[in-house]
Amino acid sequence: MPRTAKSFFLGDAVTVARMLPGMDIVIGSGDHCGRYMITETEAYLGEEDRACHASKGRTGRTEVMYMEGGHLYIYFIYGMHWMMNIVTGMINEPQAVLIRGVASVSGPGRVTRALGIDGSYNGEDMNVSARIWLEDTGRRPALRAIPRVGINYAGEPWVSMPWRFITEDK
DNA sequence: GTAAGGATTGGC
DNA sequence: CCAATCCTTACT
């Protein structure tokens, strides 16, 4: 199965977040080799989106979000969890999609633990990386679109935007 | 330098 | 409900 075309990542985060469920993350590095079907995503859409880290502007942490779509934005939260995001859009359009679930693994912290993702993947380009990439399986599962979680601080309208996508069969 | 809080999880 | 646990950001 071919690696997803680079153009796929250049769309806006909401569009990409809707298309990711059903696709496979393929990760291969030594003792961690695997294929994981994405089941849940959340879109974070640029500096205007108060829930998006880029709403603080360009900082050391958010720098990778300003890169071209296809790069990984990995950050550490609550002193114990890695979060995995796929950057989307053109250069200087800070958007990303949080991977909240893969088949049989629910929760973004559990996803990174299952895949062995850590800070060393921050900035990795899925278009060229030899250890992690995306494959379009052609599956397009039915989705529920509901508000994002854990972002009450963002206020309206951001807290109510239905930018969390989860496969119906869960 | 200091302080506040977090795109979560697991345990009580 | 709440602690864990440390990084990022904002402010002095």
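Since we're looking at a predicted model, the values are computed, not measured. In what follows, every chain begins at residue 1, and chains take the letters A, B, ... in the order their sequences are listed. All values below were derived from every heavy atom in this structure, side-chain atoms included, with hydrogens, water molecules and symmetry-related copies excluded.
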Distance, rounded to the nearest Å, where A:R50 contributes CZ and B:dG6 contributes C1': 15 Å
Would you tabulate the nitrogen or oxygen pairs shorter than 3.5 Å linking the protein to nucleotides 10-12 of chain B?
unit_1, atom_1, unit_2, atom_2, d
B:dG10, OP1, A:R113, NH2, 3.4
B:dG10, OP2, A:R110, NE, 3.0
B:dG10, OP2, A:R110, NH2, 3.0

field: Atom pair distance, as rounded to whole Å: CZ in A:F76 and P in B:dA7
entry: 14 Å
query: Do A:M19 and A:M126 belong to the same hydrophobic cluster, where Ile, Leu, Val, Met, Phe, Trp and Tyr are linked whenever their side-chain heavy atoms lie under 4.5 Å apart, directly or via other members?
result: yes
Dot-bracket encoding per residue of DNA chain B, Watson-Crick/G-U cut-off under 3.5 Å, | denoting interstrand: ||||||.||||.
- prompt: Among residues 150-163 of chain A, which contact DNA chain B at a heavy-atom distance under 4.0 Å?
  reply: A:G150, A:I151, A:Y153
task: With rounding to the nearest 0.5 Å, note down the distance linking CE in A:M84 to CD1 in A:I74.
output: 5.5 Å
task: Could you give the distance separating C:dC1 and B:dG6 at their P atoms, to the nearest angstrom?
output: 16 Å
- request: Starting at atom CD of A:Q95, determine the distance to atom P of B:dA7, rounded to an integer number of angstrom.
  value: 18 Å
query: So, A:R100 and A:E42, do they make that salt bridge, N to O below 4.0 Å?
result: yes
- line: Sequence neighbours excluded, the answer for side chain to side chain contact (heavy atoms under 4.5 Å, CB included) partners of A:E124 is A:L72, A:S129, A:R131, A:I132
query: To which residues is A:W133 joined in a hydrophobic cluster, defined by side-chain heavy-atom contacts under 4.5 Å among Ile, Leu, Val, Met, Phe, Trp and Tyr, whether direct or through other members?
result: A:V26
field: Nucleotides bounding contact with chain A, strand DNA chain C, heavy-atom threshold 4.0 Å
entry: C:dA4 to C:dA10
message: How long is the straight-line distance from OG1 of A:T41 back to CZ of A:R18, given to the nearest 0.5 Å?
response: 9.0 Å
message: Applying side chain to side chain contact (heavy atoms under 4.5 Å, CB included), can you list everything that pairs with A:I77, at least two apart in sequence or on another chain?
response: A:Y75, A:H81, A:M83
query: Counting only non-hydrogen atoms, which of residues 80-91 of chain A are less than 4.0 Å from DNA chain B?
result: A:H81, A:M83, A:N85
query: When you measure from the side chain of A:T62 to the backbone N and O of A:A54, does any donor-acceptor pair fall under 3.5 Å?
result: no
query: Roughly, in whole Å, what's the span from CD1 in A:I74 to P in B:dA7?
result: 15 Å
- request: Measure the distance from CG on A:D49 to P on B:dA7 and round it to the nearest whole Å.
  value: 11 Å
- prompt: Is the shortest distance from a Lys or Arg side-chain nitrogen in A:R139 or A:D24 to a carboxylate oxygen in the other one below 4.0 Å?
  reply: yes
Rounded distance [0.5 Å steps], CZ in A:R3 versus CG in A:D136: 14.0 Å
task: May I ask you to check whether A:E47 and A:S55 show a side-chain donor-acceptor distance below 3.5 Å?
output: no
- prompt: With the threshold set at 4.0 Å, does a side-chain nitrogen-carboxylate oxygen contact exist between A:R58 and A:E63?
  reply: yes
field: Residues in side chain to side chain contact (heavy atoms under 4.5 Å, CB included) contact with A:M90, at least two apart in sequence or another chain
entry: A:L10, A:E93
query: How would you list, by chain and number, every residue that makes a side chain to side chain contact (heavy atoms under 4.5 Å, CB included) with A:V87, sequence neighbours excluded?
result: A:H71, A:Y73
Counterpart residues, ring-ring contact (aromatic ring centres under 6.0 Å, His included), relative to A:W82 (two or more places apart): A:F76
- request: Run through the side-chain heavy atoms of Ile, Leu, Val, Met, Phe, Trp and Tyr, join any pair under 4.5 Å, and report what else lands in A:L143's cluster.
  value: A:V14, A:L45, A:W158, A:M161, A:W163, A:F165
query: When we call it a touch if two heavy atoms are under 4.0 Å apart, what does A:Y78 touch: a base, just sugar-phosphate, or nothing?
result: base
task: Would you mind classifying the nucleic acid contact of A:R61 as base, sugar-phosphate or nothing, using non-hydrogen atoms under 4.0 angstrom?
output: sugar-phosphate
